Participant: 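Before I ask anything, let me first share the structure, which is written out below as structure tokens.
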There are 2 protein chains.
Amino acid sequence: MPATHTQSRFSSKLSSQCQNCSLSALCLPIALADEDINRLDQIIERKRPLKKGEVLFHQGQPFSSVFAVRTGTLKTFNITSSGEEQITGFYCPSELVGLSGIDDNTYPISAKALETTTVCEIPFSHLENLSAQIPSLKHQMFKVMSRKIGDDQQMMVLLGKKNADEKVASFLLNLSNRFKKRGYSATSFRLSMSRGEVGNYLGLAVETVSRVITRFQKNELIQVDGKEISIIDLPEMQKLVGVAPDCGKIAQF
Amino acid sequence: MPATHTQSRFSSKLSSQCQNCSLSALCLPIALADEDINRLDQIIERKRPLKKGEVLFHQGQPFSSVFAVRTGTLKTFNITSSGEEQITGFYCPSELVGLSGIDDNTYPISAKALETTTVCEIPFSHLENLSAQIPSLKHQMFKVMSRKIGDDQQMMVLLGKKNADEKVASFLLNLSNRFKKRGYSATSFRLSMSRGEVGNYLGLAVETVSRVITRFQKNELIQVDGKEISIIDLPEMQKLVGVAPDCGKIAQF
DNA sequence: TTAAAACCTTGATCCAAGTCATACGAACAG
DNA sequence: CTGTTCGTATGACTTGGATCAAGGTTTTAA
């Protein structure tokens, strides 16, 4: 399909990269002017792909940048004093990682690729400067961080109050929504994380995750083939996590 | 004690209010110029005190302001689809409430006073404008939100991985740290929330909270008289939550 | 291609914490 | 002041999910 013909002289090749890419969550919703997108684009460093298992940044390392996932998936985790890994989040394309490092100029978590993953590095000092010049960008930054706070609080509800079935169902529906939002199928997708990682994230043992998934399949809520998941009975799944039909956000982290 | 004598002509009575008050967490760490503090001060509305049980804002209500607690305590919570209350946080003096409302201009949680509580209302649009003029204020905003994200993630670790003893100990030490930070005793304080609210927050039944507290007292880790708590054996408590001696932040939400 | 390693599933058993029941003290509205 | 409600404590019982164990499958790397 041919590219749009009405490009301003500022919206170069770089600009169109930004428009297609992962950063859409950060910039597109506020409809930045072409010129502004271009300015944002110029501070971004596109990095070589990370291979599965490679680390983007380490817990404790000095904070310098936030990263937008372009393709692939990341997990963030920290190592507890007893040496176990605790996964704090999974990041899909268009999502921003590293925001929690701003506070004391140190990443409090590590980020590792679950599969081959490309990211855009956004040096934070540049982003901060630019956000002083582009008010809508600053507002968008606040929104992104605010949303993260709200989402994390929903996650707390999930961890504190829900049982294993509700946790796994919430997790699957959450992924489903995230895929849907960026144009992929909401009902059929591939888990890039292992059962063990899902369990770690949800506060469940591997065996429990496995059993719940098997049971969901027996009850014809989902169809499973290894890491491929199809959601068969979406309404029933939603009932399971306690989503009111008219209220997509609540109780779904 | 007499007030400082070297006030600029801009740092009026209002300014000195800000310096003593709850907002210190937001503005003092970055050492705003007197003039800037004054400007911040002028957008803040000081409200009549909330009585115990009064609601500051309701879940679903349009977002307009963030609030800094000056005295007293707030809890934030949301009502799940099944009608139960899920507490997502407690807010002590100097802490900011309502940041999660920025995202979609709606408060996703309610905030209610646990005791007589005074807050400063900071209209967000004004704050955002001002932050465009005072770069260090904008940076401070990012820091506050970033810290919240990091803290919430520690809370997830707590909810997902810790047992009842570790949860309650973490909770008490976290309060202890917050009191200490603003100059109160780190080892002797009053819980403004009920056992039920603690349990709700930590994902535990009331009875469990009660039993753990009783046990801690028997083991001479703490001394309890109703809502008054004294931490007797701080090192042992820290060992319980897995704090490395040289590392105050980790695993303590 | 194949061996090793990592991952997944299922069954059997166990225990931490939830639930139920009861009682007593504190707060509070009338 | 006083009855009612709310908060706290503690014991008895139950249970969801962890743990242990073992076998099958997929992925990885040589």
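Not measured: the values here are computed from a predicted model. Each chain gets a letter, A, B and so on, in the order its sequence line appears, and its residues count up from 1.
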Participant: Check A:M145 against B:S146 and note the closest heavy-atom contact, atom names and distance.
Facilitator: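 For A:M145 versus B:S146, the nearest heavy atoms are CE-N, 3.4 Å.
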
Participant: Touch check for A:G203, heavy atoms < 4.0 angstrom, all strands: base, sugar-phosphate only, or nothing?
Facilitator: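 Result for A:G203 = sugar-phosphate.
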
Participant: What is the nucleic acid contact for A:G196, judged by heavy atoms within less than 4.0 Å: base, sugar-phosphate only, or nothing?
Facilitator: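 Sugar-phosphate only.
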
Participant: In whole angstroms, how far is the P atom of D:dG16 from the CG atom of A:L202?
Facilitator: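 So the CG-P distance, A:L202 to D:dG16, works out to 19 Å.
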
Participant: Once you round it to whole Å, what is the distance between P of D:dT27 and CE of A:M193?
Facilitator: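 About 16 Å, once rounded to whole Å.
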
Participant: Rounded to whole Å, how long is the line connecting atom CG of A:D165 with atom P of D:dT15?
Facilitator: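 Interatomic distance, CG of A:D165 to P of D:dT15: 17 Å.
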
Participant: Considering only heavy atoms of chain A and a distance under 4.0 Å, specify the first and last nucleotide of DNA chain C in 5' to 3' order that meet this criterion.
Facilitator: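 Here the contact window of chain A covers C:dC8 to C:dA12.
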
Participant: What do you reckon, is NZ of B:K51 surrounded by more than 12 foreign heavy atoms closer than 6.0 Å?
Facilitator: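 Result for NZ/B:K51: open.
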
Participant: In residues 205-212 of chain B, which residues come under 4.0 Å of DNA chain C by heavy atom?
Facilitator: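 Residues of residues 205-212 of chain B under 4.0 Å from DNA chain C: B:A205, B:E207, B:T208, B:R211.
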
Participant: Taking the side chain from A:S176 and the backbone from A:L172, do they hold a donor-acceptor pair closer than 3.5 Å?
Facilitator: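 No; judged by distance alone, with no hydrogens or angles, the pair does not exist.
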
Participant: Rounded to the nearest Å, what distance is computed from the NZ atom of residue A:K51 to the P atom of nucleotide D:dT28?
Facilitator: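 Interatomic distance, NZ of A:K51 to P of D:dT28: 13 Å.
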
Participant: Looking at A:E95 and A:C92, would you say the former's side chain and the latter's main chain have a donor-acceptor pair under 3.5 Å?
Facilitator: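 Indeed, once roles are kept as given, a pair shorter than 3.5 Å links the two residues.
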
Participant: With a 4.0 Å cut-off on heavy atoms, is A:G199 in touch with a base, just the backbone sugar-phosphate, or nothing at all?
Facilitator: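 It contacts nothing in the nucleic acid.
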
Participant: Measure the shortest side-chain to side-chain distance between A:E85 and A:N78 over non-hydrogen atoms and say whether it is less than 4.5 angstrom.
Facilitator: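 When only atoms from C-beta onward are counted, A:N78 and A:E85 do not touch, as no gap falls below 4.5 Å.
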
Participant: Can you tell me how far C1' of D:dG17 sits from CD of A:E166, to the nearest Å?
Facilitator: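 Checked: the CD to C1' distance equals 14 Å.
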
Participant: Could you check whether any side-chain N or O of A:N163 sits under 3.5 Å from a backbone N or O of A:D165, counting only pairs where one atom can act as donor and the other as acceptor?
Facilitator: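 Yes, A:N163 side chain to A:D165 backbone: donor-acceptor pair under 3.5 Å.
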
Participant: Using modelled atom types and a 3.5 Å cut-off, is there a donor and acceptor pairing between side-chain atoms of A:S100 and backbone atoms of A:G98?
Facilitator: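 No: the side chain of A:S100 does not pair with the backbone of A:G98.
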
Participant: What is the separation between atom CG on A:L114 and atom P on D:dT27, rounded to the nearest whole Å?
Facilitator: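 Whole-Å distance recorded here is 15 Å.
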
Participant: With sugar-phosphate meaning primed atoms plus P, OP1 and OP2, does A:I213 contact a base, only sugar-phosphate, or nothing at under 4.0 Å between heavy atoms?
Facilitator: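 Nothing, no nucleic acid heavy atom in range.
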
Participant: Is the shortest side-chain heavy-atom distance between A:K148 and B:Q153 below 4.5 Å?
Facilitator: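 With C-beta onward as the side chain, the pair touches.
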
Participant: By nearest nucleotide on DNA chain D, pick out whichever of B:S194 and A:K227 is the more 5' one.
Facilitator: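 Going by which nucleotide is closer to the 5' end, it is B:S194.
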
Participant: Kindly list each side-chain donor-acceptor pair under 3.5 angstrom involving residues 190-199 of chain B, sequence neighbours excluded, with atom names and distances?
Facilitator:
{"unit_1": "B:S192", "atom_1": "OG", "unit_2": "B:T73", "atom_2": "OG1", "d": "3.0"}
{"unit_1": "B:S194", "atom_1": "OG", "unit_2": "B:G196", "atom_2": "N", "d": "3.3"}
{"unit_1": "B:S194", "atom_1": "OG", "unit_2": "B:E197", "atom_2": "N", "d": "3.1"}
{"unit_1": "B:R195", "atom_1": "NH2", "unit_2": "B:G226", "atom_2": "O", "d": "2.9"}
{"unit_1": "B:E197", "atom_1": "OE1", "unit_2": "B:S194", "atom_2": "N", "d": "3.0"}
{"unit_1": "B:E197", "atom_1": "OE2", "unit_2": "B:K75", "atom_2": "NZ", "d": "2.8"}

Participant: Figure out the CZ/P separation between B:F216 and D:dT10, and round it to whole Å.
Facilitator: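 Answer to the nearest Å: 15 Å.
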
